[in-house]
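As the structure is a computational prediction, the values presented were derived from the model and not from experiment. One-based numbering along the sequence shown. Both counts, for ligands and for their atoms, begin at 1 and track the order of listing.
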Amino acid sequence: VSYTMQPLRLSERSSPAWLERALSDLPTILLDHAHCEKKAASTAMNLMFRYQDRPELMAPLSRLAREELEHFELVLSVLESRGLEFLALEPGPYAAQLHKVVRRNEPARLIDTLLVCAIIEGRSCERMRLLSEHLQDEELAGLYRRLVASEARHHQEFVALALRYGGEEAVMTRLRELMDHEAELLGRPAELVRLHT
Ligand SMILES: [Fe+2]
Ligand SMILES: [Fe+2]
């Protein structure tokens, strides 16, 4: 499968209100972003342990985990260069709420998990692109420009992996359902400033 840059499959664009909140609290966005990269690596590794009977998943997930850890280190260095400490941060409800609707039987569980990961990557990509376009701070804008392409590729890779475990029509229908759910989650009032709220 070749991962050409197709348009992201997302139901809704981010609201201007999100962008405004994010730009008004960049230290929190950066810290949350670091945690998101760490979490993405951990999710990929968890899948490697859960699906040891799926050897075809090992190399793609391992590569993904490494890339996410590289992103994590990149964001850590930006935090450090700005005198911001890496601290624990309460995660927003977004990812947990998305994972909650994953079906429990296999292979539906695997398909849904991969699609939820695809949606999170796609949303990260969309938001990083917004940040890169609107940040006055050239260093941060540059950071986000560099990450947009990787996150878009991750989005495509997760969709491609999900397609291995079900028929194209069923998988794409499920993706649309999950995206509608995601759009509904984003429409809820948000209390925290996070990359995904
Ligand atoms: Fe990443
Ligand atoms: Fe990613």
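The pair Arg63-Glu67 does not count as a salt bridge, with every side-chain nitrogen at least 4.0 angstrom from each carboxylate oxygen.
Atom OE1 is the N, O or S atom of Glu121 at the shortest distance from the Fe ion (ligand 2). Closest approach between the Fe ion (ligand 2) and any N/O/S atom of Glu68 involves OE2. Nearest N, O or S atom of His71 to the Fe ion (ligand 1): atom ND1. Glu151 has its closest N, O or S atom to the Fe ion (ligand 2) at the position named OE1. Taking the N/O/S atoms of Glu37 in turn, the shortest distance to the Fe ion (ligand 1) belongs to OE1.
Under the 6.0 Å cut-off for aromatic ring centres, Phe72 and Phe86 qualify, their centroids lying closer than that. No close placement of the Tyr94 and His99 rings is indicated, their centers lying 6.0 Å or farther apart.
One of the N, O or S atoms belonging to His154 lies under 2.8 Å away from the Fe ion (ligand 2).
In the displayed structure, Glu80 atom CD is contacted under 6.0 Å by at most 12 heavy atoms of other residues, nucleotides or ligands.
The residue from Leu115, Ile111, Val171 that alone fulfils the side-chain contact (heavy atoms from CB on, under 4.5 Å) condition with Leu163 is Val171.
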